[in-house]
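Single-structure report; data block below.
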Amino acid sequence: MDSVYIRGGIALQGQVGIQGSKNAVLPVLAATLLADGTSVIENCPRLADVYHMQTLLKSLGCSVTREKDRLKVNTEGMNKLTALSADMPKEAVESMRSSIVLLGALLNRMGEVELAYPGGCVIGKRPIDIHIEALKQLQVHFEERSYGLHAYTKGMKGAEIRLAFPSVGATENLLLAAVGADGATVIRGAAKEPEIESLCGFLSACGADITGGGSSTILIQGKRKLSGAEFAIPGDRIVAGTYLCACLAAGGEVLLTKAPAAQMGAVKKVTKAMGALWQETDKGLYIQRGARLKTPGKLVTAPYPGFPTDMQSLFLPVLALAEGSSQVEERIFEDRFHIVPDLKLMGAKIEQTDKRKVRIEGTEQLSGARVEAKELRGGAALVIAGAAAKGETVVDGCGYIERGYENICRDLRELGVRIYGV
Ligand code: EPZ
């Protein structure tokens, strides 16, 4: 899908099921490498990054089969030579950030890995220094090579590790490595995101001994025998948040079935403060927006349970239409306001006052325009702006959006948006 066409300005109405979480499934798939036999992962979204991870697992000798939303990974054919010869498909490694979690998993399973550097993206530099410093403390050694990184260990040993920042990816990598280390590992300053809880849940189901997943201190007793397990990936909190924002921007009422409302506390607080109705029902998360919303004042992104950086762009069109002035500060990524010029083109009164800050004066209406997605969440935010704007909006560059959304056009059509992709 290259471009999305939207005829906006119609209040939303309808219900849609929320896909499985992209950021939860990728480390869980990496973790299947650690378990003997077959793991069955339910509710796997159909996304490019998931397909890349499937390709990487197959290149390592695993058999991977999909039946609808269920993926079966069998690790019996795993091949040490492949992991060492640096010929894991470079394109699959470089095209997604999550390939970095293979580092911890492969060090655990094979003791030595050659890995191309993972892909970055336009939201900022995304270094991996915290991953490397933490793994070094488990007795892993690193050498820079022309193709990327060579990492090896003569046997990982548990350690007490304090992360300089609660990095989601570094916490995942450490978990994947530490379950294979000798003795106990304590991770202090760990990320508390729900995706960490999912990874700990899957590893525990396989037989790992982990306590504290989802809190800032995680304790891992290493070297337990891991066997394949069944695990269901929760709904994607950011995709649920995207359709919530579409409703907040365009008005109307939506029911988001399979939305992980319990993981969306910070978003709930902002939604309610702005004046929309948020109801957690047996059938799903029900959102209703009638009158024009009021600004929540200031939004500042923070590690979980704070307001998620991935929701920041999605709220920009909502704030652009809310009554009053809003300020948004991005504290996680250094460069996550690429959509500001496009929102301006649609009539938003938004100014970037600093690399990490924007100021918005609410306006009553946005107007359709031709705009371009430059990254995943910013692209989805432009689609939301289009759903709320009067007239036709065309969003080009939609390949980025497909990295995180199975089918954003189908889902929004279920909610009454006049939208199609070509
Ligand atoms: C995960 O990225 C998510 N990606 C991101 O979602 C999400 O925005 C982010 O966590 C924060 O919640 C996946 O799970 C695949 P971090 P990750 O390590 O693990 C700096 C989306 O839209 N840092 O917590 O890469 C880093 O530069 C994506 O789905 C270092 O400096 O996030 C960033 O500023 C985008 N050195 C901050 O920490 C390191 O070694 C947070 O990064 C690692 C990170």
Side-chain angles (χ1 to χ4, degrees), residues 19-31 45 47-50 52-53 93 95-104 117-137 142 149 161-176 187 189-199 216 233-234 236-242 263-264 266-267 301-315 329-336 338-339 355-356 373-381 400-406 408:
Q19 70 190 55
S21 161
K22 165 177 85 77
N23 291 344
V25 74
L26 295 168
V28 166
L29 288 177
L47 296 169
D49 282 7
V50 174
H52 287 316
M53 187 60 93
V93 174
S95 62
M96 65 166 181
R97 171 79 183 171
S98 273
S99 54
I100 189 64
V101 289
L102 287 170
L103 185 60
Y117 279 117
C121 58
V122 296
I123 62 178
K125 282 202 258 359
R126 309 190 78 178
I128 54 168
D129 54 321
I130 300 174
H131 302 237
I132 291 176
E133 284 314 310
L135 289 169
K136 278 184 180 168
Q137 292 180 59
F142 288 90
L149 273 183
I161 298 165
R162 175 167 288 281
L163 298 183
F165 177 86
S167 155
V168 176
T171 305
E172 290 166 350
N173 243 332
L174 258 183
L175 278 161
L176 290 164
I187 310 175
K192 297 186 276 196
E193 268 68 2
E195 294 72 32
I196 303 292
E197 268 192 90
S198 288
L199 178 58
S216 58
I233 299 297
D236 192 308
R237 62 193 171 108
I238 308 302
V239 172
T242 304
Q263 301 178 0
M264 298 170 72
V267 168
T301 64
Y304 192 84
F307 188 82
T309 171
D310 294 339
M311 287 304 303
Q312 177 266 100
S313 322
L314 300 161
F315 261 88
E329 184 174 345
E330 172 56 60
R331 290 208 184 149
I332 306 297
F333 288 104
E334 59 186 2
D335 201 7
R336 213 169 188 181
H338 286 273
I339 66 164
K355 203 159 186 198
R356 288 179 180 259
K374 298 181 185 72
E375 41 91 16
L376 165 59
R377 305 299 172 193
Y400 288 111
I401 301 177
E402 287 180 308
R403 294 183 69 163
Y405 299 82
E406 277 189 347
I408 197 169

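Each ligand, and each atom within it, is numbered from 1 in the order the structure gives. All figures in this text were calculated on a predicted structure; none of them were measured in a lab.
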Within-4.5 Å side-chain heavy-atom neighbours: K374 and I339: no
Contact check: A170 vs ligand 1, nitrogen or oxygen atoms, below 3.5 angstrom: no
Per-atom contacts of ligand 1 with F165, taking only distances under 4.0 Å to non-hydrogen atoms: 37 (C), 38 (O), 41 (C)
Any atom of ligand 1 sitting under 4.0 Å from a heavy atom of H131? yes
Shortest non-hydrogen contact from I401 to L376? O-CD1, 3.5 Å
Heavy-atom contacts with L376 under 4.0 Å: which atoms of ligand 1 show up? List them by number with element. 22 (O)
If you look at every heavy atom in A266 and P305, which pair is closest and at what distance? CB-O, 3.6 Å
Can you find an N/O atom of G169 closer than 3.5 Å to an N/O atom of ligand 1? yes
What atoms in ligand 1 come closer than 4.0 Å to a heavy atom of K22? 21 (C), 29 (O)
Counting only nitrogen or oxygen atoms and a 3.5 angstrom limit, does E172 reach ligand 1? no
Kindly give the heavy-atom pair with the smallest separation between I196 and V168, and that separation in Å. CD1-O, 3.7 Å
4.5 Å side-chain heavy-atom contact, L149 and I132: yes
Proximal atoms of ligand 1 relative to R336 (non-hydrogen, under 4.0 Å): 8 (O), 22 (O), 35 (C)
What do you reckon, does F333 have a nitrogen or oxygen under 3.5 Å from a nitrogen or oxygen of ligand 1? no
For atom 5 (C) of ligand 1, which of the options T171, I196, D310 provides the nearest non-hydrogen atom? D310
In the structure I gave you, are the side-chain heavy atoms of I332 and D310 within less than 4.5 Å of one another anywhere? no
Return yes when P127 approaches ligand 1 closer than 4.0 angstrom through a heavy atom, no otherwise. yes
Quick check: R377 and ligand 1, any N/O pair under 3.5 Å apart? yes
Can you tell me which residue among R356, R336, E330 is in a side chain to side chain donor-acceptor pair (under 3.5 Å) with T301? E330
Proximal atoms of ligand 1 relative to T309 (non-hydrogen, under 4.0 Å): 8 (O), 11 (C)
What closest approach, in Å, do G189 and R162 show between heavy atoms, and which atom pair accounts for it? N-NH1, 4.3 Å
Find all atoms of ligand 1 within a distance of less than 4.0 Å from any non-hydrogen atom belonging to I130, and give their numbers and elements. 30 (C), 36 (N), 39 (C), 40 (O)
Check whether any N or O atom of V168, backbone or side chain, sits under 3.5 Å from an N or O atom of ligand 1, and answer yes or no. yes
Taking K22 first and then E406, would you say they form a salt bridge - that is, a charged N and a carboxylate O separated by under 4.0 Å? no
Would you mind running through ligand 1 and noting each atom that sits below 4.0 Å from a heavy atom of I332? 33 (C), 34 (O), 37 (C), 41 (C)
How long is the span from the CG atom in D49 to the CG atom in L29, to the nearest 0.5 Å? 11.0 Å
